[in-house]
Every structure is written in C-alpha cells, then in structure tokens.
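Everything below concerns the one structure shown next.
A quick note: this is a predicted structure, and the numbers were derived from the prediction, not measured. All chains are named by letter (A, B, ...) in the order of the sequence lines, taking the proteins before the strands, and each is independently numbered beginning at 1.
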Number of protein chains: 2
Amino acid sequence: MTVGTSAARAQTRPAPTLEEVAERAGVSRSTASRAINGGLRVSPEALASVEAAVAALGYTPNRAARSLVTRKTDSIALVIPEPDERVLSDPFFAGTLSGLSAALQASDLQLILLIARPGDNARTLRYLRNGHVDGAVVVSHHRDDSVAVALLDARVPYVFIGRPLSGDRAIQYVDVDNVRGARLATEHLISRGRRRIATIAGPEDMAAGIDRLEGWRIAMGASGLADDAVVHGDFTIEGGIAAIRPLLAAHPDIDAIFVASDLMAVGAMRHLAELGVRVPGDIAIVGYDNLALAATVQPPLTTVVNPVVAMAKAAGTFLLDQLSGSSTAARTTIFSPELIVRASS
Amino acid sequence: MTVGTSAARAQTRPAPTLEEVAERAGVSRSTASRAINGGLRVSPEALASVEAAVAALGYTPNRAARSLVTRKTDSIALVIPEPDERVLSDPFFAGTLSGLSAALQASDLQLILLIARPGDNARTLRYLRNGHVDGAVVVSHHRDDSVAVALLDARVPYVFIGRPLSGDRAIQYVDVDNVRGARLATEHLISRGRRRIATIAGPEDMAAGIDRLEGWRIAMGASGLADDAVVHGDFTIEGGIAAIRPLLAAHPDIDAIFVASDLMAVGAMRHLAELGVRVPGDIAIVGYDNLALAATVQPPLTTVVNPVVAMAKAAGTFLLDQLSGSSTAARTTIFSPELIVRASS
DNA sequence: GCAGAGTGTGGGAGCGCTCTCACTTCGTCG
DNA sequence: CGACGAAGTGAGAGCGCTCCCACACTCTGC
C-alpha cells in the first residue's frame, strides 16, 4: 500500500503530461500528440488507446507548453476602455458578453477581460501586441480610443463593437445603423402627425450619440421640419430626467420627443408624469435600444431595437474567422435597426 | 538601408526575447531575468542597463514560457455557472466585475471569464484543476454547484461570492448577511405599525432567496405575527408583477410586503398601481438590493443595501492573499446589510 | 594572514508541448 | 517485379523562460 496516496500527496500531485499519456497508451509522444490534435495520420487503434489513456488520466494539455511552441494563446481579449461603472453597469455590456461567449462556445478560446485603466493605455497595448492574446474585441465607447490605431499597427486580429471614432484609418467593426434607426423613429413620429419633434440626444463623443442625432436631423430635414429642439443627455435615467426641464423651457410647444436611449426615455417619461404632461396625449415618446424595461414601463415605450447580442456574436464569429485564416479581408458589418411600436407614441 | 523594415516585416517580426534584452544590456540571460523579476542580487549598473534594454526593445516577458517553468499562470478565473441571460444581465454581475477588477488592479493577474455551460461541468472543472488558472472566484447561484466540492478537491485557491448551497463541507465565501437584512426590513415595517406583512420571496434554490425568507420569518415570529403570506418570485420585474395577484387573492388584508429584490419590488409596485392600490398608503413596500432603480421609482423604494462591489472586492483581495501565501486559513467574510428608508414604507 | 560568509554573475538544465524529419511498412502501378 | 508514393510512427530539437548551481570576487573577523 502506498503511503499518503490521496490526502498527503493530493496537493502536489502534478497534472498528467503527454509523456504519461503516451506511455500508458503504448505509443510515442508524437503519436499521442497527433491523436489529441485531430487524429490525422494516426491509426484507429492508436487513436483509441490514446483516447482511453487521456480519459483514464484526466489529461488536459498544458496550455503554456503548447502556447510556447505554437505561438498562439487560444485566448482573446475583450478590451473595455474606461473601467468606470458606466461601462460595466451598462445594460449593453451584459449583452456583449452573452453574444461573445455564445460565439466562442464551440471554440476552445478563453475570454480574457482586459479592463483598460484610463491612464494606463500603454500597458494595455503592450499586453495586446506582445502575443498574449490571439485577438481582441474592443468595446468602443469614446472618441479618444488610441487603442484602435495601436491595434492596427500591432497586427493583432481585432474587431470593434460599435464604430470607433478615432479617425481616418480603416477599422474593422460591427455596428448597427444608428442613423437609420433614428430616422425610423423620427419618421414614425412624423407619420403619427407630430410636427414639433424634439430630441434628447446622447453624448457627443460617442458614435451612437452622434449618429442617432444625425438620423433625427435627416428625418426632420426631409420633412421640412425644424431641427432646433435638441438637448444632450448621458444615456442614463438621470440624464433623461435632467433633460426635460430645459427642453420644455426652450421649446414649450413640442408634441413629441425622440430620445436616444431607453434609459433616458424612462427618465424623461417619469419627469413628464410628475409635471402632469400626458404621454402620448400631450407628448409622444420614442426611445432607443429596446431594453426589457421598455416593454414594462407605463405606457410601454415605442423604441428601436439595438441588437447588441447579435452584434457581439457577429464580432466573435468574425474574429474566429480571422484566426482560422478563412477570412482576412477587412470587414465591417452593419446591422439593421428595427422599430417596435408601443403605446408611448 | 534595410529592405522592408516596417511594412513587409511588421507582421512577422517576433516579440523580443529575454535573450535579446540580455545581449543588448551586456549581461547574461540569468542576470536579465533577475533584474526583471524584482532586481534582487543584481548590481545597480546591471539593473539600469537591463531596464534600458527592456524599454528600448519594448520587451514583455513571454507569459507561456514563464508559466511553463513557474507553474503559475498569473490569471484567475471568474466562474459563472449557467450562462443564461439571467446571470449576465443580472445587475449584480456588473458589480461583481467592478469589484473584482478593482481588487486585481494592482496585481498582474488576468481575469479569465469562465462561463460554465450547464451540461458541460466536467469541462469546466477539468480546466480549473489542471493548472490553467492560479485561483478562482465563483459566482454562486444555484443549489447544485458541484463546482464547489470539486474545487476543494482540486486544491485550487478559490472564493465563492454568495454562500454556496452545496452541502456540508467548509467552503470559503464572501457574502452579506441576508437573514439580518430581511429582518431589518421586516422589523422596519413592523415599527411603522404594519401587522399583516407578506413577502415576495426569491427562488428556493438560491441562498439569497432562502436567507431573506428566513429573516422575514424570524422577524415576524419575534413579534408574534403570522408568517403565512408567502409567494415566490424569480428576482425579476416580471416575477414581481406575477406575484401580486395570487398574493392579494390569498391574503386580501395585507398592509405591507417585504419583497426580496428591488426588481421584483418594482414589478409589484407597478402592478399595484394598476390595481389602484396606493403605496405606501394601502400597502407599504420594502425591497432589497438598493439598485439605482430603487431611488428613482415612484414612490422611491425603501430597501436594503446589498454591497456587491465591496463583496467582490473582498473576494478578490482574499484570493490575492491566498495566492501570495500570506493567508492560508479558510475564511468567510460576511458583510452587514443596511436599511435605506425611502417613501415606499 | 586566511577561513568563512556574503554578493553578483553566467552556464546549463529542463518545464510540456509541437513539429520537422527520417524511417518503416504497406498498396499500387508501370 | 522493382519503383514509387502514401500512411503511420518515433526520435529529437527547441519554443522562452526560471532556477539551481558553480564560480569569481569582496568584505569581515580572528
């Protein structure tokens, strides 16, 4: 009987190596390796006995050793600039994670969360370019993402989720057509007979903010309506609440508001209710994003679908394609927005 | 002039190695390694010249090579059982991530998101125990987390966030005292003169659901009040909405509800409003979690603070301690809940 | 004066894996 | 029937790093 078989030695018992698997299977390390990695050029018998040995030993390839020779890490980074609560508590973030992990499920890639601290961009970039990850998905938020350009130079496969704003170079991204979404929303209000349509726009340093404002302007201009009733918010409920008072003060005659995010729309509706303004009776409201919230507020909110999960999934799939080499062409995918009409308009 | 210096060769230019750093610094690989890893037993001159070489070359140690010999991966996993939207879109999840990444900021540890697919537990466990990560933080949700026990056996340092339900063995976790929180909430309602206090409890297979129900029972029992008005929800808005009708049908005389989550409380309040029931006039409401939402609904919701970020931070710090060897004793940390009184009660 | 401790340094082994290459054993065709 | 390719295999090198060890060399104290 062996001494200290389980308790005493458990903490130091090393993970089984390929060598051990090979020995147990009665083949060479080379054959064992081939058997494990797809089984090409391996006889059925050898394959079977290696598989049995793997199962018996509970073998998992040592990622570090493999990575050292293949120069791949089997992991990709989800880069999140600005680790403030704004990003993480953002409802989109959860969707991004869902979609991305769904896309990665079939593959053996690990998802590494790379939270880029504001000041420490250099560190993040160094990490990305020195071969620690095989690819990167960047959640784009603000204008100054120097990450983008650096990624291009580093030749690391990447995709942005959301059009990055940093300049002129061709960057691969997945996004939804926010201009068109805002146009749909605004045209819907116009078709309902509204004429004095204001907008609570998003931040001016975010692509979604800019594009949705532009879509509203285009729709208003196309119908010959004035596009002067604009106030900016920060995409939060509080921002929506805060926007209402100045908007009504400057434009008391408005009969509809296109709000660039559901959260802001909810805030706006709440404040309007307090002021005794009826929705949609006095003012019709259309939001954006189609959060779960939109269906459950009173009145249910007309809104534009923001297909975050699908976008993230597409980003993941695209990255996978790049990594497998089946697609090397730069590509951007633009999803189509969809209007969901509910009682608020 | 060299041919193809940047464009042509950029994509294949290998990352600088320690060997190159050493050569450039005029020292041996050993000395360079020592200089990079803390600088012990290295002369100031050697240290300086290595540092200069590192900067000049933009050197980053190859993690795989290092990991191969040190048998550490410098990464920890955040394990998330059940990758359905329930978990990821959970507001706590964002908080967990925030807290954890805050705790890890100072260290060089990478955060790997390990999303455990329901059926594929074996794969997750194998990943965890075969040395792919140095430690794990597990977001505990449901009763059957076999992950817990396996982690114990695997001797991988770990912490659970939220008390795991899987059985009798001593498991290290960080949690908030949900029993006490529920008691605080219920006692508050009693002190306000309410006597027929119902509860919308959480799922019976989650620690938070169980504990908050128990806290309510204890408080009710201590005051000699009947603890029969119980209905279960799933911690979502929809769950709160759905709970109201059966609750009122079975107990039409209730004058208060302790709702085990803010989301359910919001749903409940919304449905009560539709039924013409006044809050807090007819029925007082207390929620749980203190989400941002709680402060902005009408009426603002009395609730109990659930310090998710702090808990995650504590979990991260604890894990760090374990990894550095400064603390090996099993430990559980229980945070104190705090009642926030607003207009709904 | 010299043993002993302490300090800085370089050489070399080896972590666990993949991959190239050489080898054997077939089947198949001219 | 010899030549050739294809298929299956194993030996060996080496990825970039850390760490052990041997080797100088300097400094102390008797």
Side-chain angles (χ1 to χ4, degrees), chain A residues 12-51 53-54 57-75 108 126-127 129-134, chain B residues 12-51 53-54 57-75 108 126-127 129-134:
Chain A
T12 39
R13 178 168 47 99
T17 71
L18 183 60
E19 193 80 54
E20 290 166 47
V21 171
E23 190 184 353
R24 188 178 233 268
V27 297
S28 73
R29 204 176 56 245
S30 307
T31 301
S33 173
R34 274 189 292 263
I36 284 161
N37 296 303
L40 261 75
R41 293 249 192 292
V42 177
S43 68
E45 307 86 62
L47 190 67
S49 75
V50 168
E51 274 168 0
V54 165
L57 261 36
Y59 171 78
T60 319
N62 181 318
R63 267 185 131 84
R66 173 179 282 179
S67 172
L68 187 56
V69 38
T70 60
R71 342 218 89 212
K72 312 174 108 231
T73 60
D74 290 331
S75 61
D108 255 326
R126 183 174 281 205
Y127 185 82
R129 56 197 313 172
N130 277 31
H132 295 310
V133 290
D134 295 344
Chain B
T12 40
R13 178 170 46 100
T17 71
L18 184 58
E19 193 81 53
E20 289 167 48
V21 171
E23 189 185 354
R24 188 178 235 266
V27 297
S28 74
R29 204 176 56 247
S30 306
T31 302
S33 175
R34 274 188 292 264
I36 285 162
N37 297 304
L40 260 75
R41 294 252 190 292
V42 176
S43 67
E45 307 86 63
L47 190 68
S49 75
V50 168
E51 273 168 0
V54 165
L57 261 37
Y59 171 79
T60 320
N62 181 318
R63 266 183 129 88
R66 174 180 282 179
S67 172
L68 187 57
V69 38
T70 59
R71 341 220 87 211
K72 311 174 106 228
T73 60
D74 290 333
S75 61
D108 255 325
R126 184 174 279 205
Y127 184 83
R129 54 196 315 171
N130 278 30
H132 294 310
V133 290
D134 294 344

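For the pair T17(A) and N62(A), the minimum side-chain heavy-atom distance is 4.5 Å or more. L18(A) has its side chain within reach of I36(A): a pair of non-hydrogen atoms, C-beta onward, lies under 4.5 Å apart. Contact annotation: the side chain of S30(A) approaches that of R34(A) to within less than 4.5 Å [non-hydrogen atoms, C-beta and beyond].
Considering all non-hydrogen atoms of both residues, A32(A) and V27(A) come closest at N-CG2, 4.0 Å. Taking both residues in full, the closest heavy atoms of T73(B) and G131(B) are given as CG2-O, 3.2 Å, listed atom of the first, atom of the second, then distance. Nearest approach of T31(B) to A46(B), heavy atoms of both residues: CG2-CB, 4.1 Å.
Between R41(A) and dA7(D), a side-chain N or O to OP1/OP2 separation shorter than 4.0 Å is present. Between S28(A) and dA11(D) there is no side-chain N or O to OP1 or OP2 distance below 4.0 Å.
The NE2 atom of H132(A) sits 10.0 Å away from atom OG of S67(A), with the distance rounded to the nearest 0.5 Å.
One N or O on the side chain of R63(B) and one on the backbone of D74(B) form a donor-acceptor pair closer than 3.5 Å.
Summarising the geometry, the separation between CG on L47(B) and C1' on dT7(C) is reported as 15 Å, rounded to the nearest angstrom.
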Would you tabulate the pairs of protein nitrogen or oxygen atoms and nucleotide nitrogen or oxygen atoms of nucleotides 15-25 of chain C closer than 3.5 angstrom?
unit_1	atom_1	unit_2	atom_2	d
dC15(C)	O3'	R71(B)	NH2	2.6
dG16(C)	OP1	R71(B)	NH2	2.5
dG16(C)	N2	A65(A)	O	3.3
dC17(C)	OP1	Y59(A)	OH	2.4
dC17(C)	OP1	N62(A)	N	3.2
dC17(C)	OP2	L18(A)	N	2.3
dT18(C)	OP1	N37(A)	ND2	3.1
dT18(C)	OP1	R66(A)	NE	2.7
dT18(C)	OP1	R66(A)	NH2	3.0
dT18(C)	OP2	S33(A)	OG	2.8
dT18(C)	O4	R29(A)	NE	3.4
dT18(C)	O4	R29(A)	NH2	3.2
dC19(C)	N4	S30(A)	OG	3.4

Show each protein N/O and nucleotides 23-25 of chain D N/O combination with a separation under 3.5 Å, one pair to a line.
none

